[in-house]
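Quick caveat, the model's predicted, so the values are computed rather than measured. Quick note: residue numbers are just sequence positions, from 1.
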Amino acid sequence: MPALNRTSQYALLVLILLVGLWLRLLPIEDRTPAQITAGGDSREYIQLAEFFLDTDQVAPGNRFPGYSFLLMGLFTVLPFSHEVISVSTSLALSIVSLGLLWLLASRIAGSWA
């Protein structure tokens, strides 16, 4: 199988990222930002970030503070609800991770060629 040129690789990456974004947005496309709610792990990350902002609240257990620190900074800067910020960053980070995975796979495949 012949190797793809660089333009074809970037076109494939854009296609993969767009499909990934579409699959992530599909469950929430009919909702307004005010209707988005976070549950499960996302709710605990939000609670931990809110605890860092206001220590009068109860901190949830068993959560590493890294993502919550990112959320805490975004909560103080952005004027949206905490659930919308959490869902948006989760979507963005999943798309970034998909792009980084493609980059890693292309570098590994390129080294074997």
Side-chain angles (χ1 to χ4, degrees):
M1 181 172 162
L4 296 174
N5 62 13
R6 191 54 94 180
T7 305
S8 299
Q9 289 178 351
Y10 287 132
L12 184 61
L13 172 63
V14 169
L15 177 68
I16 290 171
L17 291 177
L18 288 175
V19 168
L21 181 63
W22 177 71
L23 289 174
R24 287 298 203 157
L25 291 177
L26 194 60
I28 60 171
E29 71 181 8
D30 294 335
R31 298 180 184 189
T32 64
Q35 294 174 322
I36 294 174
T37 58
D41 289 341
S42 296
R43 185 72 232 154
E44 290 184 14
Y45 285 121
I46 292 170
Q47 286 174 345
L48 186 57
E50 289 172 348
F51 169 75
F52 292 140
L53 292 172
D54 181 17
T55 55
D56 292 337
Q57 298 181 12
V58 177
N62 299 326
R63 289 290 160 223
F64 294 108
Y67 182 57
S68 298
F69 279 140
L70 170 71
L71 289 177
M72 180 185 66
L74 294 174
F75 289 170
T76 58
V77 174
L78 299 176
F80 305 109
S81 73
H82 294 175
E83 285 83 8
V84 171
I85 294 171
S86 175
V87 168
S88 301
T89 57
S90 178
L91 288 171
L93 290 173
S94 67
I95 296 301
V96 167
S97 67
L98 182 62
L100 290 174
L101 182 64
W102 176 85
L103 183 64
L104 174 67
S106 68
R107 295 293 168 108
I108 290 173
S111 66
W112 289 345

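- In terms of heavy-atom proximity, L71 sits nearest to S86 at CD2-CA, 3.9 Å.
- When hydrophobic clusters are built by joining Ile, Leu, Val, Met, Phe, Trp and Tyr residues whose side-chain heavy atoms come closer than 4.5 Å, directly or via intermediates, V19 is not grouped with L101.
- When each of L70, L78, V77 is paired with I85, the side chain to side chain contact (heavy atoms under 4.5 Å, CB included) condition holds for L78 and for no other.
- Linking ILVMFWY residues whenever their side-chain heavy atoms come closer than 4.5 Å, directly or via other members, leaves L18 and L103 in distinct clusters.
- Considering OG of S90 and CD1 of I95, their distance stands at 10.0 Å, rounded to 0.5 Å.
- Placement of L91 and V14 in two distinct hydrophobic clusters is found when ILVMFWY residues are connected by side-chain heavy-atom separations under 4.5 Å, directly or transitively.
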